Amino acid sequence: MEKNKGDQSGNKNPDASIRRDFLKAATLLGIGALAAGPVNSYATASRDMEKKRGLGTILTKKRTLGSKKNPLEVSAIQLGCMGMHTGRGTHPDHKSMVKLIRDAAERGCNFFDTAEVYGPYVNEELVGEALAPIRNKVAISTKFGFDIEGKNGLNSRPEHIRKVVDQSLKRLKTDRIDLFYQHRVDPNVPIEEVAGAVKDLIKAGKVLHFGLSEAKAETIRKAHAVCPVTAVQSEYSFMTRLPENFIFSTLQELEIGFVAYSPLCRGLLGGNLTEYSDLKTNDIRGAWPRFQPEALRSNIRIVEALNEFGKTRGMTSSQICLSCMLSKYPFIVPLPGTTKLSHLEEDLRAADFVLTAAEIKEIEGKIEKIGVVGDRYDALQQSRVEY
């Protein structure tokens, strides 16, 4: 387990095969299905379509991000779209990803995450095209904060934020952004100025909710005092639990939601990687300590522990990861990303499972005993997060 720092490879991948076998069994048997929560009209229509088309998964459970005064109600699991264009060795064709995003919406997922820097730009265009026919039935989150055309790395100056929002709206084919995150905290711009700029965009109707990413508690408090923060997005998984130590108490106190990106540790916990996986060819993971062959060799033991835990529960390792978050914290929305329909359905089905406190303690204990090898980021990426 990552501690508090201060207070594909074909037939060589048995874990991927196990994941598929578990998914098939769970789908056929309907193991773990529980009573559904509130269902909106679109999800109800999706359930009717399920009967007609034989859809395997319908996500009906909801989560509320932010305070009761200005809530953002979304599906309990979000779809991250970054990997459709950024960070992986190969990327699927545009048409198939438009279909996947629409498949997700058809199955009840109504919350989609992108950013101008993904691609850059083309990921927002993809999401905009895919969701345009159903724009009023879904929520879109995107981000600002990188100096894409320049050489400064980060840029959250108010004038730049205003420019970015207009460009993002155009690419997304919409008149408003449901949740607008600062992608990374800019040390050269006071967070109060950033929050003030977003507050003005909310008044103008271009943005509905303000979010931060990888921000520490002090930054969150300062921003929230100027413009209410609806959600904070940070990496969080069985292998990266730092938010528990650094920001969760603050989020609960201020009624701020949490969006957990990389809840499967970038595919590792889903059983998609081995020490033989090619992460050196156009794959950002290849530069990070946790994904080096020797580290993977050790970290795969965590996947083995998850698979063993899931055998008697009809759950895959991915479903355990997502269900644990949903069962443990009511203010969390997991943000897994995928380019495959089978993985999408597997992930969405995780909301049908509920793990008890004893079960969560059991699996967390097993993972803590195994330990995590390697930091999550290289030096550059780590310098851009606040804890």
Side-chain angles (χ1 to χ4, degrees), residues 15-63 73-81 83-84 92 96-113 127 130-131 133-134 137-139 259-261 263-264 267 269-272 306-307 310-311 313-327 332-355:
D15 295 310
S17 177
I18 290 172
R19 182 184 192 195
R20 291 191 296 269
D21 290 343
F22 277 154
L23 174 59
K24 182 178 179 181
T27 301
L28 292 175
L29 297 175
I31 296 172
L34 300 173
V39 184
N40 63 17
S41 59
Y42 187 58
T44 302
S46 295
R47 190 172 293 283
D48 292 337
M49 294 177 69
E50 175 188 18
K51 296 178 181 178
K52 295 178 181 179
R53 298 181 55 190
L55 300 180
T57 300
I58 294 294
L59 175 63
T60 60
K61 294 187 178 180
K62 304 293 179 184
R63 284 279 161 110
E73 186 183 62
V74 293
S75 53
I77 296 175
Q78 186 176 10
L79 178 61
C81 300
M84 298 175 184
S96 67
M97 291 300 94
V98 168
K99 184 179 185 304
L100 182 67
I101 292 172
R102 291 177 180 172
D103 283 342
E106 193 174 72
R107 285 158 174 78
C109 177
N110 70 357
F111 193 20
F112 298 85
D113 182 83
V127 171
L131 296 178
I134 54 171
K137 299 173 182 177
V138 299
V259 175
Y261 78 79
L264 308 181
L269 295 178
N272 294 326
L306 291 170
N307 284 332
K311 280 182 180 179
R313 295 168 173 83
M315 300 176 71
T316 67
S317 59
S318 297
Q319 290 168 340
I320 295 167
C321 293
L322 301 176
S323 178
C324 181
M325 293 184 189
L326 292 170
S327 300
I332 286 184
V333 174
L335 172 58
T338 187
T339 60
K340 297 178 176 62
L341 179 59
S342 60
H343 290 175
L344 170 67
E345 292 196 325
E346 177 185 3
D347 293 344
L348 297 185
R349 189 174 289 277
D352 289 336
F353 295 89
V354 175
L355 295 176

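Keep in mind that what you see is a predicted model, and the values were worked out from it rather than measured. When a residue number appears, it is its place in the shown sequence, counting from 1.
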Taking all non-hydrogen atoms of both residues into account, name the closest pair between [X] and [Y] and its distance.
X: Gln78; Y: Phe112; value: NE2-C, 3.4 Å
X: Met84; Y: Pro92; value: O-CD, 4.3 Å
X: Ser75; Y: Gly108; value: CB-O, 3.6 Å

To the nearest 0.5 Å, what is the distance between [atom1] ([X]) and [atom2] ([Y])?
X: Ile77; Y: Ile332; atom1: CD1; atom2: CD1; answer: 12.0 Å
X: Cys109; Y: Asp103; atom1: SG; atom2: CG; answer: 11.5 Å
X: Leu348; Y: Arg107; atom1: CG; atom2: CZ; answer: 8.5 Å
X: Leu59; Y: Leu79; atom1: CG; atom2: CG; answer: 11.0 Å
X: Lys340; Y: Glu345; atom1: NZ; atom2: CD; answer: 14.5 Å
X: Leu269; Y: Cys321; atom1: CG; atom2: SG; answer: 4.5 Å

Does the [X] side chain pair with the main chain of [Y], one donor and one acceptor, at a distance under 3.5 Å?
X: Gln319; Y: Glu346; answer: yes
X: Lys61; Y: Ala76; answer: no
X: Arg63; Y: Leu326; answer: yes

Are [X] and [Y] packed together at the side-chain level, in the sense that at least one heavy-atom pair is separated by less than 4.5 angstrom?
X: Asn307; Y: Ile320; answer: no
X: Lys137; Y: Asn110; answer: no
X: Ser318; Y: His343; answer: no
X: Asp347; Y: Thr57; answer: no

* Set of residues satisfying side-chain hydrogen bond (donor to acceptor under 3.5 Å, both in side chains) with respect to Ser323, sequence neighbours excluded -> none
* Please walk me through it: do Thr316 and Arg349 pass side chain to side chain contact (heavy atoms under 4.5 Å, CB included)? -> CA-CA 10 Å; Thr316 67; Arg349 189 174 289 277; over 6 Å; no
* Using the side-chain contact (heavy atoms from CB on, under 4.5 Å) rule, pick out the option among Thr338, Thr339, Val127, Leu100 that qualifies with Cys81. => Val127
